[in-house]
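The structure appears below as structure tokens.
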Amino acid sequence: MSFASALCYHFPVMSDCLFCNIIAGKIPAKKVYEDDRTFVFEDIKPQAPTHVLIIPKKHIVDIKEATEADAEIMGYCQLVAAKIAKERGIERGYRTVYNVGPDSGQSVFHLHLHLLGGRKLSWPPG
Ligand code: AMP
Ligand code: ZN
């Protein structure tokens, strides 16, 4: 991967990363929320009535590639998810998921927290 020269909100944009390009506005997405550190948008293939992705603006591949410097933003994404769950009235039961690695189903290698809710969620997940 190569770093593009463009900077987005002080975070470097990985030119060949789908989610970096969504943050930069180069690829359209249904934005739900944005602040200085995170960007939230509707999943293109929703698996529940609420299925949004909370992503750090910093390009982090996944949890196993993250460093201690990334710990705060990974937790902060959970707080953003809780705020959106409250706004959407799905606090009776929702799930936040970080998929890690191909066997988990991870298909985009920019850290993203799934927020799923609005229906009964079975356990264990598939
Ligand atoms: P994962 O499988 O955990 O890597 O999750 C990637 C998620 O990104 C999937 O749920 C996809 O449906 C979603 N996705 C892929 N491309 C887009 C896109 N262009 N806009 C919104 N969501 C996307
Ligand atoms: Zn990225």
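Counting convention: from 1, in listed order, for ligands and their atoms alike.
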Between ligand 1 and the protein, which N/O pairs fall short of 3.5 Å?
{"residue": "ligand 1", "atom": "2 (O)", "partner": "G105", "partner atom": "O", "Å": "2.7"}
{"residue": "ligand 1", "atom": "2 (O)", "partner": "S107", "partner atom": "N", "Å": "3.4"}
{"residue": "ligand 1", "atom": "2 (O)", "partner": "S107", "partner atom": "OG", "Å": "3.2"}
{"residue": "ligand 1", "atom": "3 (O)", "partner": "N99", "partner atom": "ND2", "Å": "2.8"}
{"residue": "ligand 1", "atom": "3 (O)", "partner": "H112", "partner atom": "NE2", "Å": "3.0"}
{"residue": "ligand 1", "atom": "3 (O)", "partner": "H114", "partner atom": "NE2", "Å": "2.8"}
{"residue": "ligand 1", "atom": "4 (O)", "partner": "S107", "partner atom": "N", "Å": "2.6"}
{"residue": "ligand 1", "atom": "4 (O)", "partner": "S107", "partner atom": "OG", "Å": "3.3"}
{"residue": "ligand 1", "atom": "4 (O)", "partner": "V108", "partner atom": "N", "Å": "3.1"}
{"residue": "ligand 1", "atom": "4 (O)", "partner": "H112", "partner atom": "NE2", "Å": "2.9"}
{"residue": "ligand 1", "atom": "5 (O)", "partner": "H112", "partner atom": "NE2", "Å": "2.9"}
{"residue": "ligand 1", "atom": "5 (O)", "partner": "H114", "partner atom": "NE2", "Å": "3.2"}
{"residue": "ligand 1", "atom": "10 (O)", "partner": "D43", "partner atom": "OD1", "Å": "3.2"}
{"residue": "ligand 1", "atom": "10 (O)", "partner": "D43", "partner atom": "OD2", "Å": "2.5"}
{"residue": "ligand 1", "atom": "12 (O)", "partner": "D43", "partner atom": "OD1", "Å": "2.5"}
{"residue": "ligand 1", "atom": "22 (N)", "partner": "I44", "partner atom": "N", "Å": "3.1"}

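Neighbouring protein atoms of the Zn ion (ligand 2) (N, O or S, distance under 2.8 Å, waters ignored): C17 SG, C20 SG, H59 ND1, H110 ND1.
Separation of atoms CG (D16) and CZ (F109) is listed at 13.0 Å; rounding is to 0.5 Å. With rounding to the nearest 0.5 Å, the separation of CD in E42 from CG in L115 is 9.5 Å.
Ring pair F41/Y33: centre-to-centre distance not below 6.0 Å. Centroid-to-centroid, the aromatic rings of H114 and H112 come within less than 6.0 Å.
Applying the side chain to side chain contact (heavy atoms under 4.5 Å, CB included) test to K64 and every residue at least two apart in sequence or in another chain returns D62, V100. Listed by chain and number, the residues in a side chain to side chain contact (heavy atoms under 4.5 Å, CB included) with K31 are E34, F39 (sequence neighbours excluded).
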From CA spacing to verdict: salt bridge (Lys or Arg N to Asp or Glu O under 4.0 Å), K83, E91: CA-CA 10 Å; K83 171 184 152 70; E91 287 181 297; over 6 Å; no
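Under the 4.5 Å side-chain contact rule for hydrophobic residues, I90 and V40 share a cluster.
If you run side chain to side chain contact (heavy atoms under 4.5 Å, CB included) between H110 and each of I22, I23, N21, only I23 comes through.
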